[in-house]
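Below is one structure, written out as structure tokens, with a few remarks after it.
Whatever order the structure lists ligands and atoms in, that order sets their numbers, starting from 1.
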Amino acid sequence: MTESSRPGANALSDSAKTALGWAHTARFLTTASQLVHLPEGDLGEIAFVGRSNAGKSTAINTLAQRRQLAFASKTPGRTQHINLFAMGPKDAPDTYLADLPGYGFASVERSAKLRWQKVMADYLEVRRNLHGVVLMVDSRLGFTPLDKQLLEFIAPRVGTGEVKLLVLLTKADKLNKREQAASLASAQEVLADLATDASDLGMLLFSGPKQVGVGDLAETLYGWTHAHNAAAAAAVAAVATGDAAGDAAGVAATSPAADAPDLPADPAEPLSPV
Ligand code: GDP
């Protein structure tokens, strides 16, 4: 399990800058009320999920360095939909980011709740394209029963390593250091139940306004979505140069920027609070 807690770590590494440059390409693609309306093909998807008000829109906007990217999810009539964003080069997106409906609103009528649960369960359990889940948890509240239910939906695929999981402990700016450490410790306890030899689990203290964890979030997602491409590229290069022993996996692990899309190394705009 990986863990990162570098509050206020504003000095970004080159790999974080590359990853943020990639994240900055996020653009709205489509909205779907049912799974059948999601795009076909095998582009990898990363789902952002969380309780309403946990800070999901803020996290998406902060990651993409765009003020209103995830605004569509809050538009009346779209709150029960899956909103998809494309990432990567304009003419060749390499990843979809799926903003799933927030849950836990007491006011939502029972039939809507059941419909939501079905769509979420179906999406998380069977959507083949799903490569990773980012779960927003309010660092002051910890995991709610609905968060734990969501973990149950994905546990089988997380256990096999097919789906990676990153928990963002949001609003970390509202906690002092001791509380942040306690928040990480209790999240670790919950995640320990999901850990297997094959699982890829992580957690991160996060704050949109204070820019905590943003570079680490971008790097994690970039690694999820580009590691296999880097490995494939290295394998092709090894064959092309006759170096059959080329260690493709080693390239993927040590050089996340090896397969950088055609982007400026630096995000075009400085990170701005949303
Ligand atoms: P969503 O419903 O999960 O999309 O949550 P939002 O992103 O809309 O955030 C809900 C509320 O929490 C808003 O008032 C945000 O301004 C606030 N918020 C979100 N993230 C943070 C954070 O990291 N720090 C602080 N202090 N407030 C946050």
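- Between the Thr25 side chain and the Gly21 main chain, no donor and acceptor come within less than 3.5 Å of each other.
- Summarising the local packing, CG of Asn176 is surrounded by more than 12 heavy atoms from other residues, nucleotides or ligands at distances under 6.0 Å.
- Considering backbone and side-chain atoms alike, Thr58 places an N or O below 3.5 Å from some N or O of ligand 1.
- Thr95 places no side-chain N or O within donor-acceptor distance of the main-chain N or O of Met87, the cut-off being under 3.5 Å.
- Judged by distance alone, with hydrogens and angles left aside, the side-chain atoms of Thr170 form no donor-acceptor pair with the main-chain N or O of Met136 at under 3.5 Å.
- Using a 4.0 Å cut-off between heavy atoms, Lys210 makes no contact with ligand 1 at all.
- Proximity of Thr170 to ligand 1, defined as any heavy-atom pair under 4.0 Å, is not found for any part of the residue.
- The shortest N or O to N or O distance between Gly55 and ligand 1 is under 3.5 Å.
- Within the 4.0 Å heavy-atom shell around ligand 1 one finds Ala54.
- Between the NZ atom in Lys164 and the CD1 atom in Ile154 there is a gap of 13.0 Å [rounded to 0.5 Å].
- For Arg140, the salt bridge (charged side-chain N to carboxylate O under 4.0 Å, His left out) criterion is met by Asp138, not counting sequence neighbours.
- Residue-ligand proximity, Lys56 to ligand 1, at heavy-atom distances under 4.0 Å covers atoms 1 (P), 3 (O), 4 (O), 5 (O), 7 (O).
- The shell of residues lying under 4.0 angstrom from ligand 1, judged by heavy atoms, excludes Gly50.
- Below 4.0 Å from some heavy atom of Arg51 lie the following atoms of ligand 1, by number and element: 3 (O).
- Close to ligand 1: Lys174, with a non-hydrogen atom less than 4.0 angstrom away.
- Side chain of Arg51 to backbone of Leu146: no donor-acceptor contact under 3.5 angstrom is found.
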